[in-house]
Amino acid sequence: MALSALAGAFTGLGAFTFHYAGGFGYLGSDPATCAQCHLMNDPFDSWRKGPHHAVATCSDCHLPSPFVPKYLAKARNGYHHSMGFTLQPPAPDDPGARTVFPEPIRIKDFNSQVLQDNCLRCHGEFTHGIVRGSTGADHAVRCVHCHDAVGHGARR
Amino acid sequence: NIFERKQEARNPFLKLIEVGEDDVDPAKWGVNWPRQYDGYLRTSEPTATKYGGSQVGPEGSMPPQKADRDPWLRRIFAGYLFAVDYRDRRGHAFMLHDQEVTKRNVPGGKKQSGNCLHCHASVMPLYRRLGAEALPHGTPQEQVQRGLEAVAGMDYWDAHQMLTEITGKAHPVSCVDCHDPATMELRVTRPAFLAGMRRLAASDAPVPHLPSVEQWRRGSRSAPYDPNVDGTRQEMRSYVCGQCHVEYYCGKGMTIFFPWDRGLKAEEIEATYDGMTVQDRRFKDWTHAETGVEVLKAQHPEFEVWSQGIHARSGVACADCHMPYKREGALKVSEHWVRSPLLQIPRACATCHPYGEKELETRVEAIQDRHFALLTRAGEAAVAMLDALVAVRKGYDEAGWQEALEKDPEVRRLGELQRAAQWRLDFVAAENSMGFHAPQELARLLAESIDLSRQAEIGALRLLARSPTPAAAPGQNSKASPADPPIQPRSYCRRNP
Amino acid sequence: NIFERKQEARNPFLKLIEVGEDDVDPAKWGVNWPRQYDGYLRTSEPTATKYGGSQVGPEGSMPPQKADRDPWLRRIFAGYLFAVDYRDRRGHAFMLHDQEVTKRNVPGGKKQSGNCLHCHASVMPLYRRLGAEALPHGTPQEQVQRGLEAVAGMDYWDAHQMLTEITGKAHPVSCVDCHDPATMELRVTRPAFLAGMRRLAASDAPVPHLPSVEQWRRGSRSAPYDPNVDGTRQEMRSYVCGQCHVEYYCGKGMTIFFPWDRGLKAEEIEATYDGMTVQDRRFKDWTHAETGVEVLKAQHPEFEVWSQGIHARSGVACADCHMPYKREGALKVSEHWVRSPLLQIPRACATCHPYGEKELETRVEAIQDRHFALLTRAGEAAVAMLDALVAVRKGYDEAGWQEALEKDPEVRRLGELQRAAQWRLDFVAAENSMGFHAPQELARLLAESIDLSRQAEIGALRLLARSPTPAAAPGQNSKASPADPPIQPRSYCRRNP
Ligand SMILES: [Ca+2]
Ligand SMILES: [Ca+2]
């Protein structure tokens, strides 16, 4: 299953995107690979100024940590990223443009959960008393409810 | 499933001793959770902010009378116990004591029923005991409800004594009132809140800030809405406070209830009261001594007002600001020293608003100063209204005035205006955030209150001008001028159903 | 450097042709910056939101009269040109056309001076030409100021014609009005704005939302505050709009000015006007036809009201919402189709507020609906006030009424109340965000307006009651009752210096 999803991802990467994004660099942990995509420039710039800069890269927060789920998520996200990047019209804000994904980019449930798990991976001990095992969707303490500025600066 | 998350396996709380439903003494819980207990105990410390906190003097003294700052309060409460003794609130540690010593509730005065304990004591064992006696085979929920009704029928001091006997000592709000002793999860216990939320959910008032209610409404509705079952964790962080920080009615002869049948806005609550009949008359809290008009009393509608604000709409809960997380050694815990967020701005506000402490304080102050100026203006308008109504009343004898209030459309209209104006003003004044919880909504209510007060004053002047000797012919003056605008106090409400 | 981003290599400002200070035709600039020019052109498209946008019908038709929705506007503007023709605003492309066709400004009517062009045309070349002629050796700034004064002395249509001769064709606001043609940096050009900001900076009114002003105040003050020198880039993103979206006075015989000597709040502006003397009389915009009272007119104080809101306080500029960045390939460009943010919520709001489009729209609607209901209430109170004053006036002949307004303290007080009530109401109604730019502040102003209107009505009733035949003895009634509360319209202002 993991393999077929990976394969799906590679088919999804259009030649242009694949090249542009630095080829296999996408599979590494270097934030620069994310930032190869101009859409990622804003988070990248502010991540460089934030307190997590020294301790966590993009993938530490946005990709699951164990090896297999990580590459599966990469495959899934890679597919979305490249499809999105390839098919999104260059001027999505032009009236009448048919957009593939909404801009500004919004994190979706799947990645939101990945993120939450990663917060707990590093801060689980500290937040143990308040989390009490409730990391799932409905009844969890959502870290980003208060700390939404943590990765790359305040939105507001 | 490889995506399955690693749930924390171990129980987060190593319990040294067991606690149960009857353990209302927080000291026992403190053995297991000393950090939270420490915070809880500190609610006895005096604190002060520009408009909030408990502005108390030396040890043992009482908070000041509210009317010291806002003298118009005495006028609008004329003839009611709130004109006698009505002080600033203070920390949770004092809630039972302050209820015992207020002149609104003197021993032997037979003024208050056991209802009052609903929000000032850890009272559930009393409800359960009386309920079990009356309904030995009822469900626990039925028993609590029956117990509540039984306590409503008792004199305050009798109920107080019985509670003391059951629990050894009566306590203010305690751990067990907000936490399930088995799991420590939040839960709500107070029957009036459970019933109020049931009725709110069953209504069609929009509550976009309470997603679980909207979700329940979309469902089968086979079981009534139950905060403990349906509420999200984030909602529970406000619901526990909504057990007490709400508008209520608990006069003698009635079981305490929260008037949310039509929604949480001031006008919706007013409509609920206006739609109620007690002994064949429209519901009232008391009869205003100066004017003889039957009026309403609002109490601390924090939950309702928060509901109209942008924070509630953004999912920000009472506990987020009033019980922010704090670092204690290697652990994050909830601050159980429940108090003004302005005393702990970095934790209460700055995680969401990344500005300095001084800047955030100034932002709140800008809102509160604007609000206070408007509140004072509305208070002055209310006093002018009362003066004018008193002047009109002078022309009548007692019976004539009663009759006029009921039958003369113009006089009656004055009474309606006073009731509506005073309700709005009191609703805002009784709310404890000095405007912060919902600045625009509260300014709107004050604006309406001013308008209605002044309209009453105008109506009174017109009456005085038209009938120079009204006492002589009180019933004559009974055709309302068609030029009189309708009162429309609920226009906003209707515009936004 | 591995961190180096793959920036678009080409210079975004590669100029194909040179543009200069006299190039008021945007088409020329469009050769260099086609994206911005495209957006600019689209301001001619009709758009509509619930309360905003330009609610126009078929091609070529005019926006509706404001009084169609708010009939009370006709009453408060009685005797003034705004009662004749006063329409909804629409896109920038129309600004010059709409000024040419409004009945407030008919050719040959000699109603308006060249002042009007300050904000409706790309007018700088005219100021410069006339200034250079009058002051050939002055600095550019002195010349512009002198040109401004010269244009103020001309009839509108003469000035219009002269501008057309200089620039070939008169244009609405154009690139050169906001951009330095050499660098494309933002800059402000309008002399009334520059002078207004100089005086605001020199005052001690707090402006926490304009850090560069506070910084300038802490400095040596050797040179006056200059937005183009001292302003931050973020401030410039609001200043360019503040050139026009502001309260002003530009009546015939005076050079246009922005009344910010004491600050930007409604009361501070009122105090500035009240402190001004024209021909030995207190400043007025016009004399109200129904009541004979000398009153003020407020126009589109968006910049001032934004200044009181939480967005300004948080550093959010007009351009952030009304000209949000949009993506074109790897480039971000500013949307030059300046219009309602509600037509572009994802870009205008969601970058800061991560909620869905519908949710954000509903939040704005909640604020605007509340506001509109209150505005309507205030309008009704104003009408009631006018009715009452007209009734009082009936008892006087023309000369007697004039005298009473000047000498009888009670009648005079009525006039003061009308002026203050109407100023607040108009200030809020003329503002174009239907409450959004500063919800609580605007609700406060409406509340005060209601209070003052109703007080005037009350005062009028008292007068009518006391002097049944005032015409007979208009000057007699001249001792104000000590029970009369002071008007205190500026109490809020004083509380918060
Ligand atoms: Ca009540
Ligand atoms: Ca003006």
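Of all the listed residues (B:Leu374, B:Asp387, B:Leu446), the one sharing the greatest number of non-hydrogen pairs under 4.5 Å with chain C is B:Leu374. Interface summary for chain C: among B:Ala460, B:Ala388, B:Ala443, B:Ser314, the most heavy-atom pairs under 4.5 angstrom belong to B:Ser314.
Qualifying side chain to side chain donor-acceptor pair (under 3.5 Å) partners for B:His209, counting only residues two or more places apart in sequence or in other chains: B:Ser307.
Using a 4.5 Å cut-off on side-chain heavy atoms (C-beta onward), C:Gln440 and B:His371 make contact. Within the 4.5 Å cutoff, the side chain of B:Ile450 has no heavy atoms near those of the C:Arg454 side chain. In this structure, C:Gln308 and B:Arg370 have side chains that are in contact, with non-hydrogen atoms separated by less than 4.5 Å. Using a 4.5 Å cut-off on side-chain heavy atoms (C-beta onward), B:Arg313 and C:Glu359 make contact.
For C:Ser449, no part sits under 4.5 Å from any heavy atom of chain B, backbone or side chain. Interface residue B:Ile458: backbone and side-chain heavy atoms are both found under 4.5 Å from chain C. Heavy-atom distances place no part of C:Leu442 under 4.5 Å from chain B, backbone and side chain included. Heavy atoms of B:Thr376 lying under 4.5 Å from chain C are absent altogether.
Distance check: C:Ile367 CD1 to B:Glu441 CD gives 11.5 Å after rounding to the nearest 0.5 Å.
Crowding of B:Gln215 atom CD: a count of heavy atoms from other residues, nucleotides or ligands under 6.0 Å not exceeding 12.
Panel note: side chain C:Arg363, backbone B:Ile310; no donor-acceptor pair is recorded below 3.5 Å.
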